[in-house]
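Below: the structure, in structure tokens.
Numbers restart at 1 for each chain; the letters A, B, ... are given by sequence-line order, proteins then strands. Atoms considered below: every heavy atom in the structure, side chains included; atoms not considered: hydrogens, waters and symmetry mates.
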Amino acid sequence: MFDTNITLNQFVEAIGESFYMVGMSLLIGTIFGAIFGILIVVTRPGGIIPFPIVYMILNPIINTIRSVPFIILIVALIPFTRSIVGTSIGNNAAIVPLIIFITPFIARLVENSLLEVGPGIIEAAESMGATPFQVIWHFILPEAFASLILSLTTATISLIGASAMAGVVGAGGVGNIAIVYGYQRFDSFAMFSTVVILIIIVQVIQSTGNKLARMIRRN
Amino acid sequence: MFDTNITLNQFVEAIGESFYMVGMSLLIGTIFGAIFGILIVVTRPGGIIPFPIVYMILNPIINTIRSVPFIILIVALIPFTRSIVGTSIGNNAAIVPLIIFITPFIARLVENSLLEVGPGIIEAAESMGATPFQVIWHFILPEAFASLILSLTTATISLIGASAMAGVVGAGGVGNIAIVYGYQRFDSFAMFSTVVILIIIVQVIQSTGNKLARMIRRN
Amino acid sequence: GDQGDTDGDETSFVAGFGVGTYEEQFREGILPILEEQGFDVDIRILSQNMQVNPAMDEGSIDSSVFQSTAYMEAINDELDMDMVRLTFAPGAPQSLHSVRHDSLDAVQDGSTVALPNDPVNQERAVRILEDLGWVTVAEDAGTTDFSLSSVSPAAYDIDFQVLDPAQILVSLEDVDFGIINGNYIADAGMRIADGLAIENTPEEHRIIVTVREEDVDTEWAQALKAAYESEEFEEYITNQSKYDGFILPYAWEER
Amino acid sequence: MIILEDIHKVYLRKNVETTALKGVSLQVDKGDIFGVIGYSGAGKSTLVRLVNYLERPTSGKVIVDGQLLADRSAHELRQIKKDIGMIFQHFNLLESKTIYQNVAMPLILSKKGKKETKERVTELLAFVGLSDKANSYPNELSGGQKQRVGIARALASKPKILLCDEATSALDPQTTQSILDLLKKVNNEYGITIMLITHEMSVIQKVCNKVAVMEEGEIIEQGSVLDVFGHPKHATSKNFVQTVVRTEIPENIKRKLAVREVTTLTKLEMVGDHATEPVLQSLINKFHLDVSVVFTNMTEIQDTTLAIWYLQIEGKESDKRAAWQFLEEQNVRYEEVTV
Amino acid sequence: MIILEDIHKVYLRKNVETTALKGVSLQVDKGDIFGVIGYSGAGKSTLVRLVNYLERPTSGKVIVDGQLLADRSAHELRQIKKDIGMIFQHFNLLESKTIYQNVAMPLILSKKGKKETKERVTELLAFVGLSDKANSYPNELSGGQKQRVGIARALASKPKILLCDEATSALDPQTTQSILDLLKKVNNEYGITIMLITHEMSVIQKVCNKVAVMEEGEIIEQGSVLDVFGHPKHATSKNFVQTVVRTEIPENIKRKLAVREVTTLTKLEMVGDHATEPVLQSLINKFHLDVSVVFTNMTEIQDTTLAIWYLQIEGKESDKRAAWQFLEEQNVRYEEVTV
Ligand SMILES: Nc1ncnc2c1ncn2[C@@H]1O[C@H](COP(=O)(O)OP(=O)(O)OP(=O)(O)O)[C@@H](O)[C@H]1O
Ligand SMILES: Nc1ncnc2c1ncn2[C@@H]1O[C@H](COP(=O)(O)OP(=O)(O)OP(=O)(O)O)[C@@H](O)[C@H]1O
Ligand SMILES: [Mg+2]
Ligand SMILES: [Mg+2]
């Protein structure tokens, strides 16, 4: 029917692979990103537990990773990837650089969101004798939640974009089909349909994020 | 002295190209991104000029562009790029997809920052009979400024990352050297030194952004 | 198995490819032969050719079809590997195309020529220009680290545009000439034969099937070699018009 | 000038309805200083926010300067709002701008000249006692200083109507007094109409000519301040009035009366010039009564004095009757009260 | 229990120094309800924020419960803070949590059980009259309701010290009264020490036993409330006291006196039981003087009554002298004043 090289099967499989890779790396990246983002906010000079050393180490590390083009990151990480997942090829191997890529990105967005929480809230927390952990958990995070959701949405979408490069280490996914078939093999149908799928996925993620954030902000 | 193929000249030139590409696309992308981000905040249901049509058109467009892997974007935009800059290759040609890539990204970050401005401020503006433009210009933007600066910093760094892919259409830049020499020609020196340069650039941008934001927040 | 090293088990292996024609040839022409013989083959596609050899180095793949003998040998040095040529595969030659000009005569000082950005293909492309007498290539030009710094003007002062290989075809309108990898030509529904110049591929630049030296005598390697050299495969290739202009393996000529 | 007609306001969130206003009607005439009091949560803020349409009524009409706000276009509403200054309960200052810029904002929005703006802002800052804070940012100010910035900002554009949502609640009595004096002055000199929410009856007492008492979304009593303060009808109004006009006997005095087994007292109420007339002396000298002052209070309301006396009077019944007659002639309200 | 010793506090921004406190020393004993008053910007908030170390002094010592805060580790400081409740001037509620959760927060932080938390929060919400708002969010509350949430939150963990930064400024008099009653109750029953900033002298009058008056970063007067209210020494203190204890004659009465060419008046000041004694009648009956009451005011301070009388007295010099003698015997302060 269409002049294309890809089969429906490949498509379905690719969608599954995308969800797997993005899901896994998002999950782990969010955990680490949140931790680093929080650390960088609380340890900064004037933060709730000023700890210049942590801040001064973490901040450049985040910057360093963010500086490296993703493709270079993939290659540079190969030995590390291999030591973690046993191979540098395939979906699992792609997850490692994706995590390393998205973690500092999330950390930065988390940082930005958390900095928006007013000083009055933190004072209230401190006046109650809250431990730093409690300040973060019971005060800062809930107050920044709507903004964090939007940040996470942004990060997820960037991650989907990055995952298209996962083909470099032999991983699959929808983005990879777009590149391998659409870009490198001039298969317009493959290109078009994968992009449509991506748009749908992204649209769903974005509106879920927006809806959640709006619910939290209650307006 | 080092076992490398690249010359100092190439390096210097690449830095210049990076600045040119990133600078131009950041400039234009920021303008459009800010406009779209603002539009999407003010026209949303419950915004200061609710205009569902604009919101419902703009929102998916932003998502659509954000969904497309950058390399696909480059290819898909070739006819457009050609009609704008007259060619599809070279630094100028790379700027077009870079702009298209960064604009929706900035729009989203701007959206997130602007949504953080408290309703009390907007009420104050409305009670003074401020026009929607004045509300945005005199109230929302200044209040969100610190957050906007951090967002712009994040966007700039993402842009630098993306610009590494500009080599696909024959543009230069530091990231491209990392890929073409470092990655494709196993030139560790080129790889290493370009990454160091990128780290320095990113670090400078980040700390400038942080400093600015802190100055604005005055703490 | 997932892991390339299938110690002892000689009936399964992982075949690695870059993107495009060689993987398609394998899937359609070789795989049926091997499967009939009871081999269990896992196909791995890496979207960047650059990653294929490192993957073989770590043992994630057992065979590859994408490189030339010259490149393989250079990589053996570079990465301290021990890959060997198992046999030749039908290779797509590069060809020089133009949409702006009808013949090579249009070339002049300042003409723009688009070249692939990766070292292997870039060297091959430059060799075409060298054959045409447009440029000269330095004696000591590298292989894995080939770069334009070893190219100097001969008849013409050419303005090189270095692009992603897949990009050249799309950007032909913006250059005077472009040298395109054969596999892209096939994929794009064009014909290599339409090129204004076609690569006269010397042996060391012909596409080969690569395996690790230790694997050469395994059951699967020998079957793979046999499959590439088989009449069945030759029939498949010669019956498809998209392979017109491909450089065929020596084994078939000798038949 | 401001007319609210049968306003209902319902807040809705997730099927939970909160009715903030239940059929409120009122009229504020040009030049009025109209006070609104009521318990916390009574709907006072909601009420004034209707006037500049920050809050839209669920039903009912808001008419400002003869214009039905519901009928006005967004552009027209903005023009109307430019003539309405508002002092917010929570200040709503721009954290990113200096005090100077905050106060200048309404002028900037109206595209006033640099010089004019500077003059006006300087004058206002001097007035609210914050000249030295012109270049500070809101987060460097104390609560009362922020409130004063809000006041200066609301006055900057010389509005025709001023809405004050607890404009002085964070201020000490002296600063409050000077702000109230200013409000009175702008009201006198420029005829600005002022609507003023407050919890402090003393504020109403000092500046308002009219007052409305709200309870649970309704206006339970409204009228001239002298009427409402002199003779509050509703229990809530009485409670409020009580806070400034001590019309009841304090507990500790009551306790002492109980010890002395005093059960009946005479309460006199005198307004205006009567308040300071030597009524007491007449009772003692003319009618030979035994008078001791149990509790007394004089309050100024709007330049008039209201005096309350609780007296313990003993003497002959005939003398007393004569005294009552005399008090009636003098237009003094008197009453026998049991404690 | 709380000792501040020679505290200086300087805020610094971009080379601009703001000195908020200039050598303040004070002592709040266990069980005190210690009021702090002063003009806006005097440094009151800064002062109480030192007590739970939200603000660190530039120099000077803060000693709470015998512990020098500067010497305490972060962990120890947190333990100390757990026993100090604070009601903020700007509420500082968590917008993302319901009213219930906001009030429960100190209990959650102390890892109290679900049941205990529920009981305590329910009780507190009932007390501040917000039971029906338990599931609302702060942005759905009126200003006074927010303030009450802040009060409930500060009390939730049954602190030993309570710091109130204008805890009742957004509240109507009735609600204020009930909050003050609560403060008095927790003070009596649990011996909680309370430090209370307010602008409303009436608040200090009602609940405090000690008071400090601040001006421009200094404490200009401190002592027991009865002393400071009865005989304020500093001009600023007088101004403050004036707002509740009307010791001066109002302007409109003065004007009338001027018309009648009255220049001298007698001012009597009676405290406690004297306040309600029939002094006036004695003057009239015993000494045959012509007495008219020009202005009078009785104020309750801490269950004691303070009475001020301005009398216009005419009569024979000898009678007057006898009267003065009598007043002295009665321990009534008297004074001739010119208007
Ligand atoms: N963060 C800060 N930076 C600079 N100056 C400050 C800061 N906080 C307070 N100040 C200044 O210190 C002085 C005392 O402030 P403080 O808040 O203690 O006053 P206050 O007595 O509580 O006043 P109010 O009754 O108006 O709340 C004020 O002049 C204020 O401007
Ligand atoms: N956005 C909202 N959503 C839901 N309920 C609201 C909202 N705003 C106000 N309310 C409710 O409406 C009622 C009236 O609120 P309003 O702010 O008008 O009271 P107020 O008289 O100004 O009280 P205060 O003196 O405490 O400021 C309150 O019960 C309040 O909880
Ligand atoms: Mg209110
Ligand atoms: Mg204060």
Side-chain angles (χ1 to χ4, degrees), chain A residues 44-46 59-60 62-73 75-76 101 105 108-109 111-113 115-116 118-119 144 146-147 150-151 153-154 157-158 160-165 175-176 178-179 182-183 191 194-203 205-207 210 213-214 217 219, chain B residues 44-46 59-60 62-64 66-76 101 105 108-109 111-113 115-116 118-119 144 146-147 150-151 153-154 157-158 160-165 175-176 178-179 182-183 191 194-203 205-207 210 213-214 217 219:
Chain A
R44 70 177 48 211
N59 202 33
I62 289 177
N63 284 343
T64 301
I65 301 176
R66 295 217 55 217
S67 329
V68 181
F70 184 52
I71 191 158
I72 303 281
L73 200 63
V75 178
F101 165 76
F105 187 72
R108 279 275 172 251
L109 294 180
E111 177 192 20
N112 198 352
S113 295
L115 286 178
E116 286 297 303
S147 176
L150 287 188
S151 294
T153 309
T154 300
I157 293 171
S158 287
I160 292 176
S163 77
M165 299 301 291
N176 186 47
I179 290 179
Y183 170 59
M191 172 105 108
T194 44
V195 167
V196 167
I197 290 179
L198 285 173
I199 290 174
I200 293 170
I201 295 175
V202 167
Q203 186 72 38
I205 291 173
Q206 184 73 52
S207 26
N210 283 353
R214 199 169 308 151
R217 285 207 172 87
N219 53 29
Chain B
R44 69 176 47 210
N59 203 33
I62 289 178
N63 284 343
T64 302
R66 295 217 55 217
S67 332
V68 182
F70 183 54
I71 193 159
I72 302 284
L73 201 63
I74 294 180
V75 181
F101 164 78
F105 186 74
R108 279 277 172 252
L109 294 179
E111 178 192 20
N112 198 351
S113 296
L115 286 178
E116 286 297 302
S147 175
L150 288 188
S151 295
T153 310
T154 301
I157 292 170
S158 287
I160 291 175
S163 77
M165 298 299 290
N176 186 48
I179 291 178
Y183 168 54
M191 173 99 108
T194 45
V195 168
V196 167
I197 289 181
L198 284 173
I199 290 173
I200 293 171
I201 294 175
V202 167
Q203 188 71 39
I205 291 172
Q206 184 73 50
S207 29
N210 283 354
R214 198 169 311 151
R217 284 205 174 89
N219 52 27

A:G175 and B:P69: which non-hydrogen atoms are nearest, and at how many Å?
CA-CG, 4.3 Å
Just wondering, do A:I205 and B:N63 contact through their side chains at under 4.5 Å, heavy atoms?
no
Supply the atom-to-atom distance A:T64 OG1 to B:L198 CG, rounded to the nearest 0.5 angstrom.
10.5 Å
In terms of heavy-atom pairs under 4.5 Å, which option from A:G161, A:A164, A:P60 contacts chain B the most?
A:P60
With a 4.5 Å limit on heavy-atom distance, are the side chains of B:T154 and A:F105 in contact?
yes
Let me know if A:L109 has heavy atoms under 4.5 Å from chain B in its side chain, its backbone, both or neither.
side chain
If you tally heavy-atom pairs under 4.5 Å against chain A, which of B:M191, B:R108, B:M165 wins?
B:R108
Rounded to the nearest 0.5 Å, the CG atom of B:N59 sits from the CD atom of A:Q203 at a distance of 6.0 Å
Do you know which of B:L73, B:I160, B:V195, B:I71 has the most heavy-atom pairs with chain A at a distance under 4.5 angstrom?
B:I71
By a 4.5 Å heavy-atom criterion (distance strictly below it), what part of A:R66 contacts chain B: side chain, backbone, both, or neither?
both
Proximal component of A:S151, with respect to chain B [non-hydrogen, under 4.5 Å]:
both
Give, as side chain, backbone, both or neither, the part of A:I72 having an atom under 4.5 angstrom from any heavy atom of chain B.
side chain
Using non-hydrogen atoms and a 4.5 Å limit, figure out which bit of A:S158 sits close to chain B: side chain, backbone, both or neither.
both
Are the side chains of A:L115 and B:S147 in touch, meaning some heavy atoms are under 4.5 Å apart?
no
